[in-house]
**Student:** 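Below are the structure tokens for one structure; questions will follow.
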Amino acid sequence: MSKIQVSVPKGTRDFGPEVMRKRNYIFGVIAAVYEKFGYQPLETPSMELLSTLTGKYGEEGDKLIFKILNNGAYLSKLSPEDLASLKERGEKFLTSKISEKALRYDLTVPFARFVVQHRNDIVFPFKRYQIQPVWRADNPQRGRYREFYQCDADVVGSPSLLYEAELVQIFDEVLDTLGLPGFSIKINNRKILGGLAEVLGIEDRFASFLIGLDKLDKIGEDGVRKELTERGFEEGTIHKAFEILLDPAAAPQKLDELQAFFSGNATGSKGVEELRFIWTALESAPLRKATLELDLSLARGLDYYTGAIFEVKAHGVQMGSICGGGRYDNLTGIFGLEGVSGVGISFGADRIYDVMEELKLFPQALSRSSDLLITNFGEKEALHGLQLAQELRAAGIKTEIYPEAGKLKKQFEYATKKGIPYLLMLGENEVNTGIYGLKNQLSGEQINGNIQQIISEIKK
RNA sequence: GUGGUUGUAGCUCAGCUGGUUAGAGCACCAGAUUGUGGUUCUGGGGGUCGUCGGUUCGAACCCGAUCAUCCACCCCA
């Protein structure tokens, strides 16, 4: 045994063949639905200029960006004075001197960069989807990794609420296609929360309020009460906020109530109006399987959201949200392109994977590498097998040949381990007669027939 | 960054209050008279007990440090 440590870096994973099939299946379904709605594929580099990323994710976020060390003699570029004052000037200064690239932290900021950089070549509204890994130097724990995939779709360059409705339809179609038996799409609007903050007179501490509120799901009503109190909010403020946020009325009625609540408050009224539009739109084009929920406590951490916000939860499993999204009015502003509104969603592939595994929703056929193994009885038979394999593959049957004329027992075991359901018995007799034996591993039954009969039996 | 958990074979773990050559199950490899597997039986390979140091006649076990891991918090997907 080798003594050197063989492992992957903390928070990263290998994906073996079986896992890859399932992951590709999920990615494939998501991409196909995105395409169906007219979204175009986009990839951006794994690394961005560090200056593109810093400052976009807040103080905490900056610390979680993986920096890439400059190539070459990066230390020699530091002047003696710089070197002497490193301790006092701190990490930020050193980082700026020895690193100018970093791994992307999400797909949204690189997308914004892309849009601004190529603004003259893009047809607006620009609809794109992007399925790529992102990296965060976070401490790994359950369901949280340092390298993970995001599956984003965004449309920029239009404030139309039709897109909100469309993105909800995409949630619905993807998750229904994947076979989830039930899930809730929760909707809220930042303007409602913003309006509420205005009514309560806590605009200055809005972000802090949202962070506390967002935990409702996790720590419950009392927990949030306590949290908000600790964050310095008045008892009366919290009470008033909860009165409207946790009002149990169903959607249309609740919207009416909100409308009354926000009379005289422009921000809140706008939020209600937007929500009502989306609600009406989705009523006229009903969803396949999703339960649409108006959830006023939904806040979502990302502070660039300005309008609608979404979150999706699967039914029947203990799992956080599996999708998210929302409208952001000024994402490209940070790169100098003002007034471009965008709205986007993201599927959490890892969590969807876990949900599907738990609910056993992956198609059986995904775990099979090949449909058929052609046995090997010797060189002459194997060459004949090579020809047969081509015919079988042309008929759409995933076929492989056992590499050597080993014991039949080993050949069977190989097929069993790889989950190959059929074996083609190909010895001297078969080569001479053109009548082959097809053994079904699951049933143990064997039929004999010519190549056409074999093909139709497998495809049955 | 903060708090806790756990490190023994490829995997899951056992190893009584420190006592000779550290075990089990699964996995792996080879056989049970060479054209039919999954079962069963027999045999086999594989661990300097995370690492370094200390206490002791003697350490997988006690102490310290260090690294890694998982979980929770902050934040997030």
Side-chain angles (χ1 to χ4, degrees), chain A residues 1-12 57-65 91 104-108 131-152 207-208 210-212 214-215 217-219 223 227 230-231 299-303 310-313 319-326 344-355 373 375-378 381 402 404-431 436-448:
Chain A
M1 253 311 89
S2 166
K3 274 184 198 159
I4 60 165
Q5 185 204 17
V6 184
S7 70
V8 297
K10 184 196 290 207
T12 65
Y57 309 103
E59 190 80 15
E60 286 297 311
D62 280 357
K63 286 192 226 159
L64 302 182
I65 295 171
E91 289 84 9
R104 75 166 97 79
Y105 181 86
D106 70 0
L107 300 179
T108 311
I131 300 177
Q132 288 189 278
V134 302
W135 295 268
R136 296 186 186 176
D138 209 350
N139 241 326
Q141 52 177 275
R142 185 181 170 76
R144 179 192 282 187
Y145 303 96
R146 287 187 154 184
E147 178 185 62
F148 61 97
Y149 273 74
Q150 291 192 331
C151 312
D152 284 19
S208 175
L210 289 189
I211 290 169
D214 205 32
K215 293 180 182 168
D217 221 39
K218 208 167 176 181
I219 60 182
E227 170 99 19
E230 279 164 12
R231 284 174 178 267
R300 288 190 70 74
L302 296 166
D303 49 9
F310 312 112
E311 199 162 283
V312 182
K313 289 205 75 173
M319 182 83 62
S321 64
I322 54 175
C323 312
I345 57 171
S346 184
F347 286 84
D350 291 299
R351 285 187 176 174
I352 291 174
Y353 182 100
D354 289 343
V355 169
L373 176 72
T375 53
N376 188 329
F377 282 85
E381 292 87 345
Y402 197 78
E404 57 240 353
K407 284 186 176 163
L408 214 45
K409 171 181 165 126
K410 292 201 67 168
Q411 305 198 26
F412 269 81
E413 274 175 357
Y414 173 81
T416 302
K417 281 178 193 163
K418 285 192 70 179
I420 301 173
Y422 289 103
L423 279 101
L424 190 76
M425 308 308 297
L426 181 61
E428 204 182 343
N429 279 341
E430 287 80 356
V431 171
Y436 311 102
L438 181 72
K439 172 103 176 182
N440 181 329
Q441 285 234 82
L442 297 172
S443 65
E445 280 166 21
Q446 182 166 333
I447 63 149
N448 297 302

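Keep in mind that what you see is a predicted model, and the values were worked out from it rather than measured. Note on naming: letters A, B, ... go to the chains in the order of the sequence lines (proteins, then strands), and numbering restarts at 1 for each one. Hydrogens, waters and symmetry mates are skipped; everything else that's a heavy atom, side chains included, is used.
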**Student:** Can you check whether A:Lys407 has a side-chain N or O nearer than 4.0 Å to OP1 or OP2 of B:rG37?
**Tutor:** no

**Student:** Indicate whether OP1 or OP2 belonging to B:rC74 is found under 4.0 Å from a side-chain N or O atom of A:Lys215.
**Tutor:** yes

**Student:** Evaluate whether the aromatic ring of A:Phe377 and the six-membered ring of the B:rG35 base sit under 5.5 Å apart, centre to centre, with an inclination under 30°.
**Tutor:** no

**Student:** So, do A:Arg146 and A:Trp135 sit near enough that their side-chain heavy atoms are less than 4.5 Å apart?
**Tutor:** no

**Student:** Between B:rU2 atom C1' and A:Asp138 atom CG, what is the distance in whole Å?
**Tutor:** 14 Å

**Student:** Just how far, in rounded Å, is C1' of B:rC28 from NZ of A:Lys417?
**Tutor:** 8 Å

**Student:** Between atom CE in A:Met425 and atom P in B:rG37, what is the gap in whole Å?
**Tutor:** 10 Å

**Student:** Please tell me if A:Lys10 has a side-chain N or O lying less than 4.0 Å from either OP1 or OP2 of B:rU69.
**Tutor:** yes

**Student:** Does a distance-only test, which skips hydrogens and angles, find a donor-acceptor pair under 3.5 Å between the side chain of A:Thr416 and the base of B:rG38?
**Tutor:** no

**Student:** Which atoms form the tightest heavy-atom contact between A:Leu426 and A:Phe377, and what is the distance?
**Tutor:** O-CD1, 2.9 Å

**Student:** Does B:rA30 have OP1 or OP2 under 4.0 Å away from a side-chain N or O of A:Lys409?
**Tutor:** no

**Student:** Measure from CZ on A:Arg231 to P on B:rC73 and round the result to the nearest Å.
**Tutor:** 14 Å

**Student:** Distance criterion of 3.5 Å, no angle test: do you see the side chain of A:Arg136 paired donor-to-acceptor with the base of B:rC75?
**Tutor:** no

**Student:** Fit a plane to each ring of A:Tyr402 and A:Tyr414, take the angle between them on a 0 to 90° scale, and name the class: parallel (under 30°), tilted (30 to 60°) or perpendicular (over 60°).
**Tutor:** perpendicular

**Student:** Rounded off to whole Å, could you give me the CG-to-P distance for the A:Asn139 and B:rC76 pair?
**Tutor:** 16 Å

**Student:** Who does B:rC62 pair with, Watson-Crick or G-U, both distances under 3.5 Å?
**Tutor:** B:rG54

**Student:** Kindly say whether A:Leu423 contributes a backbone atom to a donor-acceptor pair with the side chain of A:Gln441 at under 3.5 angstrom?
**Tutor:** no

**Student:** Would you kindly give the CD-to-P distance between A:Glu227 and B:rC75, to the nearest whole Å?
**Tutor:** 7 Å

**Student:** I need the CD-C1' distance between A:Glu413 and B:rU40, as an integer number of Å.
**Tutor:** 13 Å

**Student:** In whole Å, what separates the P atom of B:rU51 from that of B:rC57?
**Tutor:** 25 Å

**Student:** Is there a donor and acceptor pair, one atom on the side chain of A:Gln411 and one on the base of B:rG35, closer than 3.5 Å?
**Tutor:** no

**Student:** Using only heavy-atom distances, decide whether a donor-acceptor pair under 3.5 angstrom links the side-chain of A:Gln446 to the base of B:rU36.
**Tutor:** yes

**Student:** Looking at A:Gln141, I'd like to know whether one of its side-chain N or O atoms comes within less than 4.0 Å of OP1 or OP2 on B:rC70.
**Tutor:** no

**Student:** Rounding to an integer number of Å, can you tell me how far A:Arg146 CZ sits from B:rC76 C1'?
**Tutor:** 14 Å

